[in-house]
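Beneath this line is the structure, given in structure tokens, with notes to follow.
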2 protein chains.
Amino acid sequence: MPSEYGQFCPVAKAMELLDERWTLLVVRELMLGSRHFNALRRGVPRMSPALLSKRLQTLARAGVVERWQEGNRVSYRLTDAGLELAPIVEAVGRWGVRWVPELGDRDLDPHLLLWDMHRNVDAEAVPDGRTAIGFEFPELPAQRCWWIVITGDGVDVCDVDPGFPVRVTVRSDLRTLTRVWRGDVDWATALRSGSLELLGEPQACRALPRWLALTDVARTPRPSRRPVVAV
Amino acid sequence: MPSEYGQFCPVAKAMELLDERWTLLVVRELMLGSRHFNALRRGVPRMSPALLSKRLQTLARAGVVERWQEGNRVSYRLTDAGLELAPIVEAVGRWGVRWVPELGDRDLDPHLLLWDMHRNVDAEAVPDGRTAIGFEFPELPAQRCWWIVITGDGVDVCDVDPGFPVRVTVRSDLRTLTRVWRGDVDWATALRSGSLELLGEPQACRALPRWLALTDVARTPRPSRRPVVAV
DNA sequence: CAGTATCCAGTTGGATACTG
DNA sequence: CAGTATCCAACTGGATACTG
């Protein structure tokens, strides 16, 4: 039950739904392919399950999301109306990357970063067979090591050593790798600065940026002038 | 001080600012040309002045709005970052007009309707000299009559008889004229249904739809299937 | 004109625990 | 797996009045 503006304006009517906190992030997760409750949670880990449930209900009532039950397995998917939110989400992403470039310490989250990267692995660019990429965040107090494992069957994130030989390891502080992934700095600049290292087969090190292909939003050109002050 | 999502995702960082209630409507008003505090209020009449002030401050801190003071006259205008919100506002408007077509009784407001129409008068299409258009909403308990007066100098809304001869009068229920203005129904359909009448010089009656040119959002094609259930 | 000040009722959502 | 239930602290914003 989103609150109302009392305006006939289409922007106002749309925002009655869309400006509720978390709503557009849930839509983003659905667009990125999450289908189940606990998969959605992985994309919005700071959201309580009660609130996620409530938002899904609101979105379903608004006709943006469809709830699908087969047996005791529940899925959510975007309706036509929901799919048409893509231009909004993309426009918001492009604006955000251009005009809100500052990240707070709270915005950095290795799990979320790996989760997001693993969804965008370019499987075509990766050698056939099995490829494991290691990630090390030496400054973290715990859970310093992560892996992304790519096989013909798909791409997985691990927070325990999968035991496979690692083709290349990325050693970086969390902020730098996050900024590289957002497209705020490029791989070459991060490498030169020394805050990011690539270790492993030289060929794999050179190929890595193609395996972890940046999204369209990350590739958005930045404003030439200095950015806006942080919110 | 918008609340934080704790995500590096550009969509999340942008929405920390943009999903605060009223924010995007204030931006819309600035895009439509309002520059002063009380002009902005006219576009968001249900917003308290305290809240409008707070939102303008937040937008200014975020670098989206610039506050300009000359003497004791204060203006607000969009910065480059603010101007680049246009694609978002437009995408939201197009989505809203397609997927949130139901209007509640609370969404209807003659003052807001006339205010919005007067901003979109196509001065080129209107005859030279002075043109007055009357509006009558017979079902309203009070303030049934309104006028839009177009001169070489500009376009004004009046809620008292300006005393000029009226070229054409629109007599309608408020909902129908609102729907026509939103592009939910066209003039011809509304006229045929009888819920809207045009009175006055026949030539002016035929020309009226060109004087009150629909916005791009209103001209957005609608989904062919039946619309979504109301929020 | 361009806001600020104050107050408070209502809502929101975070934390935590629990269930079929 | 897919949520509900409960509690409560914090925040939000509406109403109203006032100011330089």
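A note on names: the letters A, B, ... follow the listed sequences, proteins ahead of strands, and every chain is numbered from 1.
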Who passes ring-ring contact (aromatic ring centres under 6.0 Å, His included) against Trp22(B), sequence neighbours left out?
->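 With sequence neighbours excluded, Trp22(B) shows a ring-ring contact (aromatic ring centres under 6.0 Å, His included) to Tyr5(A), given in chain and number order.
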[N] OP1/OP2 closer than 4.0 Å to side-chain N/O of [X]:
X: Arg73(A); N: dC1(D); result: no
X: Arg55(A); N: dG13(C); result: yes
X: Arg21(A); N: dT12(C); result: no
X: His36(A); N: dA2(D); result: yes
X: Trp22(A); N: dG14(C); result: yes

For [X], enumerate each residue passing the side-chain contact (heavy atoms from CB on, under 4.5 Å) test, keeping only those at least two apart in sequence or located in another chain.
X: Glu124(B); value: Asp122(B)
X: Ala50(A); value: Ser48(A)
X: Ser34(A); value: Glu29(A), Ala39(A), Leu40(A), Arg119(A)
X: Glu70(B); value: Trp68(B)

So what's the dot-bracket for DNA chain D: Watson-Crick or G-U pairs under 3.5 Å, [ ] if a pair crosses, | if it pairs off-strand?
-> ||||||||||||||||||||
First encountered from the 5' end of DNA chain D, between Asn72(A) and Ser48(B) =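 Here Asn72(A) is the residue nearer the 5' end.
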Could you state the [atom1]-[atom2] distance from [X] to [N], rounded to the nearest angstrom?
X: Arg46(A); N: dA15(C); atom1: CZ; atom2: P; result: 9 Å
X: Glu4(A); N: dT11(C); atom1: CD; atom2: P; result: 13 Å
X: Leu51(A); N: dA2(D); atom1: CG; atom2: C1'; result: 16 Å
X: Glu70(A); N: dC1(D); atom1: CD; atom2: P; result: 16 Å
X: Arg42(A); N: dC1(D); atom1: CZ; atom2: C1'; result: 11 Å
X: Leu52(B); N: dT12(D); atom1: CG; atom2: P; result: 17 Å

His36(B) side chain vs Tyr76(B) backbone, donor-acceptor pair below 3.5 Å =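 Not a single qualifying donor-acceptor pair exists.
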N/O-N/O pairs, protein side and nucleotides 3-7 of chain D side, under 3.5 Å:
unit_1	atom_1	unit_2	atom_2	d
dG3(D)	OP1	Arg67(A)	NH2	2.5
dG3(D)	OP1	Tyr76(A)	OH	3.3
dG3(D)	OP2	Tyr76(A)	OH	2.6
dT4(D)	OP1	Gln57(A)	NE2	3.4
dT4(D)	OP2	Ser53(A)	OG	2.7

Salt bridge (Lys or Arg N to Asp or Glu O under 4.0 Å) pairs, two or more places apart, involving residues 103-115 of chain B =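 Passing the test, one end in residues 103-115 of chain B: Lys13(A)-Asp107(B), Asp105(B)-Arg175(B).
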Could you pull out every donor-acceptor pair under 3.5 Å between side chains of residues 143-150 of chain A and any protein atom, sequence neighbours left out?
unit_1	atom_1	unit_2	atom_2	d
Gln143(A)	NE2	Cys145(A)	O	3.1
Gln143(A)	NE2	Asp159(A)	O	3.1
Arg144(A)	NE	Pro138(A)	O	3.3
Arg144(A)	NE	Leu140(A)	O	2.8
Arg144(A)	NH2	Leu140(A)	O	3.3
Arg144(A)	NH2	Pro141(A)	O	3.4
Trp146(A)	NE1	Gln143(A)	O	3.1

Side chain proximity check, Trp95(A) to Val64(B), heavy atoms < 4.5 angstrom |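 With C-beta onward as the side chain, the pair touches.
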